[in-house]
Amino acid sequence: MRLEIFCEDRPGIAREVLDILYDRQIDLRGIEVDPVGKMYLHLPDLDFDELKTLMPAIRRIDGVSDVRTVPFMPTERDHFELATLLETLPDPMISVDPKGKILVINPAAAKVLKLTARELIGEPLGQWLQGFHLGRWLEEDEPVPVSMLVKLGGQRLLADFLPIWVRDEQDRPTLAGAVITAKAPHRLGSQITQAQEGAASLDAILAESSAMKKVLRQARKLAQLDAPLLIQGETGTGKELLARACHESSLRRAKPFLVLNCASLPDSVAETELFGYGPGAFAGASDKGKRGIFETADGGTVFLDEVGDLALPIQVKLLRLLQNGTFRRVGDEQEVKVNVRIICATQRSLPDLCQQGSFREDLYYRLNVLHLKLPALRERKDDVLPLAQLFIERHCAALGREPVALSQAAQNLLANYTWPGNVRQLENSLLRAVSLLEGEIIEPRHLELPSHTPSFGYADNAFDGTLDEAMKRFEASLLERLYPAYPSSRQLAKKLGVSHTAIANKLREYGIGRNKKS
């Protein structure tokens, strides 16, 4: 049990309380003194008769105003508050001593290191840390706070290293260790996005592959410029995300970022959406007219997705806007002048459209001042599994469930799939898998990925060879795609419903897996 004693701050009062306990042979398990006039005693449980004589005896001490029972000591409350905070904090947090050994670690950090907190206490953190020399930093004369991108337990995290200073009675500081807090870049990016009403950041875009890192390096430079930017890439590669990130990294980030998909609207609607219309421009039009996207985004950025689908008359107005920043609303003679940056995207070849006469060549050269090309997901293999983990965490959080894991077979399948739908297909397949998953492990069957090979995913007008040769190519391609997810002839035979011997012979014939020919 615990007692709270309200008392004056005078010498000897604690000794008088302890004398009463000694006289009654009551064991004292703990005592805490609050400088504002309180004393706390941790005692063994007492029966009612002992308690009703003990409390009056303490009250009779000169300077004591009251005594009452309380459920916990202040340090116990602090301990449980800290424990609760560490247990519920979703981001990794670790405290180390001056030698870099772990003193305190929360469950989120233990999960990153793939061990229990009990196993990690007392271990050097440096063995799991890449990209920052913790021991060297702690040995500095006066280590200062550091924030940087590191790998902790193989996971890419943004970490803050904060020294802990303890001061003695002469106010001299002594380094007592450090606290390390970490956050996944995508989680930080998500929080920034929410704070800025959907804003994106180039730093929040995941890029482990050299191809994507190169695009982001270029984007950081081009984002600062005001010239038109053309982003090319297959469907689902994230062209709008990159455009929004470029806007957020520019001097226009405080102004609007507006989007129009040029392929989704009829020509007449697209024109009024972009340029607005004047008073009474057509039947049913507002008497005051309406501002278009370019006026609404004045000072900011307009993103035109699938710009190659714009009708030729609209292309003429867009060209004029790019030349001098002016245009006329539909049905209005008054010129409007705006200051916007135009970012366009397309998955089609604009030079081919120019050759066909469906896209103005002069407009193409105006839009293609700055250029970025997003690689397809199959060209950035190193990003597949990190993206998959990001999407799993995001979808699990949205569904209110603990993050699930990918089996090794599922990881192999994701890493070797050709992804005709790119990042969008990856995200949607994982959303479906997480939503329908009843267990904690995603297996290949949960992903429900349609069969697709580079050679036979679509009709091939340039087909050459015999039917037998085509069947062998397809068979080899199918087995090569399935083998990573089912990496033994027995597993693969069971998946395809044929004998183990037949599959073993096929793998050997096509040089797939461990039997790969030199």
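Counting all heavy atoms, side chain and backbone alike, N422 lies closest to G236 at CB-O, 3.4 Å. Here the closest non-hydrogen pair linking V404 and E440 is CB-O, 3.4 Å. Taking all atoms of both residues into account, the shortest heavy-atom contact from D382 to P386 is O-CD, 3.3 Å. Nearest heavy-atom pair, G299 versus V340, reported as atom, atom and distance to 0.1 Å: N-CG1, 4.2 Å. The two residues S250 and A223 have their closest heavy-atom pair at CB-O, 3.1 Å. Across all non-hydrogen atoms, the minimal contact from N416 to N412 is ND2-O, 2.7 Å.
Residue F294 holds its CZ atom at 11.5 Å from CD of E273, rounded to the nearest 0.5 Å. Atom CG of L319 sits about 11.5 Å away from atom CG of L312, to the nearest 0.5 Å. The CD1 atom of I442 lies 10.5 Å from the CG atom of L436; values are rounded to the nearest 0.5 Å. Within the model, atoms CD1 of I441 and OG of S407 stand 7.5 Å from one another, a figure rounded to the nearest 0.5 Å. Distance check: L387 CG to I392 CD1 gives 11.0 Å after rounding to the nearest 0.5 Å. With rounding to the nearest 0.5 Å, the separation of SG in C344 from CG in L260 is 10.5 Å.
Residues satisfying the salt bridge (Lys or Arg N to Asp or Glu O under 4.0 Å) criterion with E448, sequence neighbours excluded, are R432. Applying the side-chain hydrogen bond (donor to acceptor under 3.5 Å, both in side chains) rule to E295 yields the partners R329; only residues at least two apart in sequence or on another chain are considered. For F391, the ring pair (Phe, Tyr, Trp, His ring centres under 6.0 Å) criterion is met by no residue, not counting sequence neighbours. Under the rule for a salt bridge (Lys or Arg N to Asp or Glu O under 4.0 Å), the partners of R220 that lie at least two apart in sequence or sit in another chain are D203. Residues passing the salt bridge (Lys or Arg N to Asp or Glu O under 4.0 Å) test with E123: none are found, sequence neighbours excluded.
Judged as a ring-ring contact (aromatic ring centres under 6.0 Å, His included), not a single pair has a partner in residues 210-234 (not counting sequence neighbours). Identified under the ring-ring contact (aromatic ring centres under 6.0 Å, His included) test for residues 298-339, with sequence neighbours left out: F275-F327. Residue pairs that meet the ring-ring contact (aromatic ring centres under 6.0 Å, His included) test with at least one member in residues 135-166, sequence neighbours left out, are F132-W137, F132-F161. For residues 215-269, every residue pair satisfying the ring-ring contact (aromatic ring centres under 6.0 Å, His included) rule, not counting sequence neighbours, is listed here: H247-F257. For residues 361-374, the set of pairs meeting the side chain to side chain donor-acceptor pair (under 3.5 Å) definition, not counting sequence neighbours, comprises Q232-H371, R360-D362, E361-Y365, Y364-N368, N368-H371.
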Does the side-chain contact (heavy atoms from CB on, under 4.5 Å) test come out yes or no for R252 and N339, once each step is laid out?
-> CA-CA 10 Å; R252 296 177 179 268; N339 174 20; 2.8 Å; yes
Under the side-chain contact (heavy atoms from CB on, under 4.5 Å) criterion, do L321 and L274 qualify, and how do the steps go?
-> CA-CA 11 Å; L321 173 64; L274 286 171; over 6 Å; no
Salt bridge (Lys or Arg N to Asp or Glu O under 4.0 Å) assessment of E234 paired with K239 | CA-CA 9 Å; E234 296 179 9; K239 296 186 288 293; over 6 Å; no
Using the side-chain contact (heavy atoms from CB on, under 4.5 Å) rule, take I342 and L318 through it: C-alpha gap first, then chi angles, then the decisive distance, then the call.
-> CA-CA 10 Å; I342 296 177; L318 180 59; 3.6 Å; yes
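Using a 4.5 Å cut-off on side-chain heavy atoms (C-beta onward), R341 and L229 make contact. At least one side-chain heavy atom of M212 sits under 4.5 Å from a side-chain heavy atom of L374. Between R348 and D309 the shortest side-chain heavy-atom distance falls below 4.5 Å. Residues L430 and L447 form a side-chain contact, since some pair of their non-hydrogen atoms from C-beta on lies under 4.5 Å apart. Between L242 and L216, some side-chain heavy-atom pair lies under the 4.5 Å cut-off. Looking at Y277 and D332, their side chains never come closer than 4.5 Å, going by heavy atoms from C-beta outward. Within the 4.5 Å cutoff, side-chain heavy atoms of S95 are placed close to those of I164. Here the side chains of I94 and L120 are not in contact, with every heavy-atom distance at 4.5 Å or above.
Under a 3.5 Å cut-off, the side chain of K255 and the backbone N or O of D298 do not form any donor-acceptor pair. Using a distance-only test at 3.5 Å, with no hydrogens or angles considered, a donor-acceptor pair links the side chain of S429 to the main chain of Q425. Looking at W419, its side chain does come within 3.5 Å of a backbone N or O of L414 through a donor-acceptor pair. Judged by distance alone, the side chain of R320 and the main-chain N or O of K317 form no donor-acceptor pair under 3.5 Å. Of the possible donor and acceptor atoms, none in the side chain of S249 sits under 3.5 Å from a partner among the backbone N and O of C246.
Checked options Q347, R424, E306; the residue passing with T235 is R424 (criterion: side chain to side chain donor-acceptor pair (under 3.5 Å)).
Looking only at atom types and distance, the side chain of S209 has a donor-acceptor partner in the side chain of D383 under 3.5 Å away.
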Mind listing the side-chain donor-acceptor pairs of residues 139-152 below 3.5 Å, one per line with the distance, residues two or more places apart or on another chain?
from: S147; atom 1: OG; to: D160; atom 2: OD1; distance (Å): 2.4

When the side chains of residues 350-359 are checked against the rest of the protein, which donor-acceptor pairs come out under 3.5 Å, sequence neighbours left out?
from: D352; atom 1: OD2; to: S349; atom 2: OG; distance (Å): 3.3
from: S358; atom 1: OG; to: L353; atom 2: O; distance (Å): 3.4

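At a threshold of 4.0 Å, the pair E240-R244 counts as salt-bridged, since one of the basic side-chain nitrogens sits closer than that to a carboxylate oxygen.
Annotation for K101: atom NZ does not count as buried by contact number, only 12 or fewer foreign heavy atoms lying within 6.0 Å.
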